[in-house]
Undergrad: 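Sending over a structure as structure tokens; questions will come in a sec.
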Amino acid sequence: MANKPFLIFSILLAFLAVAGGDSGQGSELDYSKLSGIIIPGFASTQLRAWSILDCPYSPLDFNPLDLVWLDTTKLLSAVNCWLKCMLLDPYNQTDHPDCKSRPDSGLSGITELDPGYITGPLSSVWKEWIKWCIEFGIEANAIIAVPYDWRLSPSMLEERDLYFHKLKLTFETAFKLRGGPSLVFGHSLGNNVFRYFLEWLKLEIAPKHYIQWLDQHIHAYFAVAAPLLGATETIEATLSGFTFGLPVSEGTARLMFNSFASSLWMMPFSKYCRASNKYWKHFSGGKQVGTNTYHCDEEEFKSNFSGWPTKIINIEIPSTRGFEAYPSFSEIPEANLSGMECGLPTQLSFSAREIADGSFFKAIEDYDPDSKRLLYQLEKSYLGDPVLNPLTPWDRPPIKNVFCIYGSNSKTKVGYYFAPSGKPYPDNWIITDVVYEYEGSLVTRSGNLVEGNPGSISGDETVPYNSLSWCKNWLGPKVNITRAPQSEHDGSDVQIDLNVEHHYGDDIVPNMTRFPRVKYITYYEDSESLPGKRTAVWELDKANHRNIVRSSVLMRELWLEMWRDIHPDAKSEFVTKAKRGPLRDEDCYWDYGKARCAWPEYCEYRYVFGDVHLGQSCRLRYTSADLLLHYL
């Protein structure tokens with residue numbers, strides 16, 4: 001009976017005609033024909049050496065196919081060699097002359113970044129996700145990872161690696177191999193990659209066949225922790241350095257991060273500003289020719305924050321300019337900063353729009369050497385990209401079923417205060433204070449309240465709530481809202497509010513109660529505004545940006561949604577939230593208060609040799625298919 005999950009989900013394979021994204025509209029979909037395509041996030045793909053590099057003063061060298069990202073042993077013993085394999089030319093994005101790295105392929109490239117007894121669990125990304133798939137009997141050829149070089153800009157991904165051509169072929173190969181469409185799972189920056197792919201695809205397929213191709217090859221899109229309006233931590237990484245927990249200095253991390261053109265892909269931008277490109281005429285009948293134009297609504301200039309909670313950057317400009325403002329350790333080995341003249345610095349503030357259009361980098365160009373390089377990449381790879389300016393709001397993708405999923409109600413950075421440090425580049429800026437959003441207010445690291453426009457909910461510790469929740473604008477004018485506990489529950493604490501009015505551009509804040517010690521998941525669902533399409537937004541309390549892909553709660557909800565999709569007798573457009581019981585043996589546990597296994601209707605005590613505690617002996621009962629029928 002230990003293989004109970006396989007017994008339960010083998011029922012799925014019995015149903016070949018299903019009410020998929022067009023539930024109730026007569027379409028048919030075979031569960032066994034579905035594929036899952038995973039697009040990982042920033043720094044979530046292994047990079048391997050494609051060079052032979054002799055590292056002096058270190059017993060460890062780099063040979064072809066050696067791990068670069070992430071090999072902490074070589075990072076600690078030969079950091080200069082490691083950096084050569086990681087850094088790119090900040091202007092043309094070419095490799096270092098002595099070493100080049102390329103992304104790994106397949107599922108192994110995204111499961112654990114630094115495999116090992118200790119480092120493996122610490123660097124695990126998609127491993128738990130894949131374990132769920134294996135546990136529920138998914139075939140090996142049904143899960144496809146599409147790693148990419150997360151250091152590159154979107155245009156360079158195609159120019160150097162033909163990534164989007166390969167991604168298109170991946171969808172078509174999966175369709176031919178399995179006979180059905182794919183489910184797309186994007187995490188963090190992976191969603192930005194998928195967005196660019198959808199725009200690039202418009203130029204590869206005749207307009208009248210574009211939607212047909214999407215319907216044939218993509219059944220559903222799950223956007224997990226998508227920074228839809230950018231992320232403020234990108235600013236921290238750009239100006240002062242973000243180590244990602246690695247044993248390197250912030251200055252070294254800054255040097256590395258700013259050599260990647262992808263560093264600008266996650267910059268915050270205004271929700272009121274959009275761009276049109278020179279290829280738009282092929283789809284709208286317009287006559288526009290030339291590079292992208294960037295234009296903003298009147299609301300942008302009426303508000304001070306570009307739709308964000310506060311000004312993102314507050315920076316003191318030093319009194320000196322140019323060379324003396326950021327002496328390099330390579331240019332002035334014996335720099336004595338104590339003799340510099342003291343002057344009153346100038347305090348400047350910048351909104352998301354002023355970051356995305358380059359105004360910020362132009363303002364500090366005389367004070368920071370990286371600004372010129374970043375401004376060059378911003379204008380070339382983003383503002384001037386002929387396919388898409390990614391620093392613009394994203395409308396709902398034209399896919400049948402779209403699920404936007406993210407964590408919420410965690411303390412998240414939304415603004416920074418910077419000042420000159422008096423040290424050489426790359427350590428020439430320091431963070432003097434940080435502004436956080438939390439529990440409906442804006443508070444600094446020092447504990448002071450800040451004026452602004454805070455939302456009632458905060459983000460996922462990495463991406464602010466206004467960026468994550470932009471996908472609520474993909475919902476229609478009438479939304480059904482359900483709030484339920486994340487843990488297994490009997491339905492007594494489920495709250496439902498139907499046909500809630502929603503206006504584009506406004507947040508949807510449910511008028512529902514919550515107990516302080518309970519973690520909830522709030523569902524916003526719409527299946528009526530777009531005929532034949534479903535849109536849902538899931539907010540998971542306290543789900544961390546990185547760890548959300550390892551969340552058992554998220555995996556449970558995905559499986560139940562798939563179960564509803566494939567069942568021919570499904571009556572509702574979305575899986576019911578009335579009750580949640582254990583689905584795996586791991587979900588069963590021992591209730592010491594009642595001296596029995598919890599959830600006795602689902603779980604029973606069944607000892608197997610090797611069990612070391614009572615909870616381990618609690619396993620799912622052998623039941624009929626009725627176990628899952630109430631989820632329809």
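Residue numbers count from 1 along this sequence. Quick caveat, the model's predicted, so the values are computed rather than measured.
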Undergrad: Okay, side chain of Ser467, backbone of Gly230: is any donor-acceptor separation there less than 3.5 Å?
TA: yes
Undergrad: Determine whether a donor-acceptor pair (N or O, by modelled atom type, separation under 3.5 Å) exists between the side chain of Tyr163 and the backbone of Val146.
TA: yes
Undergrad: Starting at CG of Asp95, measure out to CE of Met86 and round the result to the nearest 0.5 Å.
TA: 11.0 Å
Undergrad: More than 12 heavy atoms of other residues, nucleotides or ligands under 6.0 Å from CD1 of Ile52: is that the case?
TA: no
Undergrad: Check for a donor-acceptor pair, side chain of Gln377 on one end and backbone N or O of Tyr91 on the other, with a separation under 3.5 Å.
TA: yes
Undergrad: Below 4.5 Å, heavy atoms only, C-beta onward: do Leu76 and Pro247 meet side chain to side chain?
TA: yes
Undergrad: Please determine whether a side-chain nitrogen of the Lys or Arg among Glu204 and Lys168 lies less than 4.0 Å from a carboxylate oxygen of the Asp or Glu.
TA: no
Undergrad: I'd like to know if the side chain of Thr232 reaches the main chain of Lys413, judged simply by a donor and an acceptor atom lying under 3.5 Å from each other, with no hydrogens or angles considered.
TA: yes
Undergrad: Using modelled atom types and a 3.5 Å cut-off, is there a donor and acceptor pairing between side-chain atoms of Thr412 and backbone atoms of Ser410?
TA: yes
Undergrad: State, to 0.1 Å, how close Pro90 and Arg373 come at their nearest heavy-atom pair, and which atoms those are.
TA: CG-CD, 3.3 Å
Undergrad: Closest approach of Phe350 and Ile315, non-hydrogen atoms and distance?
TA: CE1-CG2, 3.9 Å
Undergrad: Identify which one of Tyr148, Trp69, Trp150 satisfies the ring-ring contact (aromatic ring centres under 6.0 Å, His included) criterion when paired with Phe42.
TA: Trp150
Undergrad: Hey, does Trp82 have a side-chain heavy atom less than 4.5 Å from the side chain of Thr72?
TA: no
Undergrad: Under the side-chain contact (heavy atoms from CB on, under 4.5 Å) rule, what do His187 and Ile548 come out as? Steps first, then yes or no, please.
TA: CA-CA 9 Å; His187 176 238; Ile548 191 171; 4.1 Å; yes
Undergrad: Is the shortest side-chain heavy-atom distance between Phe197 and Glu158 below 4.5 Å?
TA: no
Undergrad: Got a second to check how far Leu374's CG is from Phe257's CZ, nearest 0.5 Å?
TA: 9.0 Å
Undergrad: Could you check whether any side-chain N or O of Trp265 sits under 3.5 Å from a backbone N or O of Ser153, counting only pairs where one atom can act as donor and the other as acceptor?
TA: no
Undergrad: If you compare all heavy atoms of Val463 against all heavy atoms of Ala231, which two are closest, and at what distance to 0.1 Å?
TA: CG2-CB, 4.1 Å
Undergrad: Roughly how far, to the nearest 0.5 Å, is the CG atom of Asn314 from the OH atom of Tyr416?
TA: 12.0 Å
Undergrad: Hey, mind stepping through His217 and Glu172 against side-chain hydrogen bond (donor to acceptor under 3.5 Å, both in side chains) and telling me if it holds?
TA: CA-CA 7 Å; His217 293 89; Glu172 293 171 346; 4.9 Å; no
Undergrad: Look at the SG atom of Cys99 and the SG atom of Cys81, then say if they are under 2.5 Å from each other.
TA: no
Undergrad: Can you tell me if His545 uses its side chain to pair, donor with acceptor, with the backbone of Tyr406 under 3.5 Å?
TA: no
Undergrad: Between Met267 and Ile235, does a side-chain contact (heavy atoms from CB on, under 4.5 Å) hold up when you go through it step by step?
TA: CA-CA 7 Å; Met267 282 288 177; Ile235 300 298; 3.4 Å; yes
Undergrad: Does Lys127 NZ have over 12 foreign heavy atoms under 6.0 Å away?
TA: no
Undergrad: With side chains defined as the heavy atoms from C-beta onward, is the minimum distance between Phe185 and Val549 less than 4.5 Å?
TA: no
Undergrad: What pair of heavy atoms forms the shortest contact from Leu189 to Pro227, and how long is it?
TA: N-CD, 4.4 Å
Undergrad: Mind checking the CG-OG1 spacing from Asn448 to Thr444? Nearest 0.5 Å is all I need.
TA: 4.0 Å
Undergrad: In Å, rounded to the nearest 0.5 Å, how long is the span from CZ of Arg254 to CG of Asp370?
TA: 4.5 Å
Undergrad: Distance from Asp460 atom CG to Asn547 atom CG, nearest 0.5 Å?
TA: 10.5 Å
Undergrad: Check the pair Phe164, Val193 against side-chain contact (heavy atoms from CB on, under 4.5 Å), reporting the backbone distance first and the verdict last.
TA: CA-CA 9 Å; Phe164 298 109; Val193 172; 3.9 Å; yes
Undergrad: Can you see which heavy atom on Pro268 is nearest to which on Ala356, and at what distance?
TA: O-CB, 3.9 Å
Undergrad: Just by distance, no angles: are the side chains of Asp433 and Ser446 close enough, under 3.5 Å, to form a donor-acceptor pair?
TA: yes
Undergrad: So do Tyr436 and Leu442 actually touch side chain to side chain, heavy atoms under 4.5 Å?
TA: no
Undergrad: Just wondering, do Asn258 and Thr238 contact through their side chains at under 4.5 Å, heavy atoms?
TA: yes
Undergrad: Please check this pair: side chain of Gln93 against backbone of Leu88, looking for a donor-acceptor N/O pair closer than 3.5 Å.
TA: no
Undergrad: If you apply the rule side-chain contact (heavy atoms from CB on, under 4.5 Å), what do you find for Val434 with Glu236, and how did you get there?
TA: CA-CA 10 Å; Val434 180; Glu236 178 181 346; over 6 Å; no
Undergrad: How close do Pro309 and Asn466 get, heavy atom to heavy atom, and via which atoms?
TA: CD-OD1, 3.8 Å
Undergrad: Side-chain contact test, heavy atoms from C-beta onward, threshold under 4.5 Å: evaluate it for Arg584 versus Ser552 and give yes or no.
TA: yes
Undergrad: With no hydrogens and no angle check, is any side-chain donor or acceptor of Ser421 less than 3.5 Å from a backbone partner on Asp427?
TA: yes
Undergrad: Could you tell me whether the side chain of Ser381 reaches within less than 4.5 Å of the side chain of Leu264, counting heavy atoms only?
TA: no
Undergrad: Between Lys542 and Gly407, is there a donor-acceptor pair closer than 3.5 Å when you use the side chain of the first and the backbone of the second?
TA: no
